[in-house]
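Remarks on the structure that follows.
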Amino acid sequence: MAVQQYDEIGESFEGFKSPPLMRYGEVPSFLNTVGDVSGKSVLDLACGTGFYSREFKRRGATDVFGVDISVEMIAAGRESERREPLGVRYEIGDVAELPLLDRRFDIAVGVQCLNYAEDIPEMERMCRNIHRSLVPGGEFFVLAQKPDYGFDCVSLDRYGFRCEPTGEETETGPRVRVTALLDPQPITIVSTAPRREVYENCLRAAGFSAVEWVPLQVSEAGIREYGEDFWADVLANPPLEMLRCRA
């Protein structure tokens, strides 16, 4: 499911980071949760076009390796590296079938990654592959659809997105249709919103500990730009949530 969707989007996927929810919510929240990466190695799983890979390199990471299942996503990442050489490496790969890598990393990140597992065994496999790719004590950071997001809440249109259930249930959780309201062409992605216990059980089964959920926040820049009232609805029922754990 993920490969075809993302191959069709290609480089335009970068536009996902431009709506207010991403620019002032997801991006600063996730970067703040990961924290200081200077002098550390980072494995970026489901890296897409390399948005976070590049940002971690700019923030002082010594080695950044991006992996994505989509040929077109990796091609876009490599093109960005050609235009602005930062030293980021990219490879095509499926996290569920991730081979032993040439090194272990201090940090692994998975933005909209584990939620593409088709069932619980596949998510467990992904988590085990990530765990063995980290140094002992290394950290893994996840960003995904909030597991218990209330789809009957106020519309997210003003924040640049729509988030709707498709009506289909999978072993891990409900299928979700997310649309970025980009101009001139909206982009829609279908994935799964795994239940909270599915994430936690799969991570712990793979050997991770200190599993902690981290709420989405809005940056001070976002509050200055739009005012506090603008963000009230999304903060009352945030569509995204983060998770951190330790190998």
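Numbers here are sequence positions counted from 1.
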Any V176 side-chain heavy atom under 4.5 Å of E164 side chain: no
Test item: Q145 side-chain N/O and P239 main-chain N/O as donor-acceptor pair under 3.5 Å: yes
Which atom of D119 lies closest to which atom of T172, heavy atoms considered: C-CG2, 3.6 Å
Qualifying residue for side chain to side chain contact (heavy atoms under 4.5 Å, CB included) with L31, from V27, V34, T33: V27
Close side-chain approach of L181 to F161, heavy-atom, < 4.5 Å: no
Same cluster (ILVMFWY, side-chain, under 4.5 Å), M22 and V178: yes
Under 3.5 Å: donor-acceptor pair, side chain of D44, backbone of S53: yes
SB check E200 R196 (cutoff 4.0 Å): no
Shared hydrophobic cluster for I107 and V211 (ILVMFWY, side-chain gaps under 4.5 Å): no
Enclosure of E171 CD (heavy-atom neighbours >12, cutoff 6.0 Å): yes
R162, CZ: over 12 other non-hydrogen atoms inside 6.0 angstrom: no
F56: ring pair (Phe, Tyr, Trp, His ring centres under 6.0 Å) partners, not counting sequence neighbours: none
Exceeds 12 heavy-atom contacts within 6.0 angstrom, atom CD of E212: yes
Lys/Arg cation over aromatic F141: R244, 6.0 Å, 45° cone: no
Distance-only polar pair, side chains of T192 and R175, donor-acceptor under 3.5 Å: yes
Carboxylate-amine/guanidinium proximity below 4.0 Å for D63 and R103: yes
Non-neighbouring partners of A205 that pass side chain to side chain contact (heavy atoms under 4.5 Å, CB included), sequence neighbours left out: E124
Heavy-atom check, side chain of V67 versus side chain of C47, under 4.5 Å: no
N/O donor-acceptor pair under 3.5 Å between R177 side chain and V190 backbone: no
Side chain to side chain, C245 and E139, heavy atoms closer than 4.5 Å: no
Same cluster (ILVMFWY, side-chain, under 4.5 Å), F151 and L240: yes
Among R54, K57, R78, R58, the one residue meeting salt bridge (charged side-chain N to carboxylate O under 4.0 Å, His left out) with E84: R58
N-O pairing of R23 and E225 below 4.0 Å: no
Separation between CD1 of I69 and CG of D94, rounded to the nearest 0.5 Å: 4.0 Å
Output field: ring centroids F230/Y159 closer than 6.0 Å: yes
Validation row: V234, V154 side chains within 4.5 angstrom (heavy atoms): no
N/O donor-acceptor pair under 3.5 Å between W231 side chain and L21 backbone: no
Flag, side chain of N237 to backbone of C153, donor-acceptor distance under 3.5 Å: no
Flag, side chain of H131 to backbone of A247, donor-acceptor distance under 3.5 Å: no
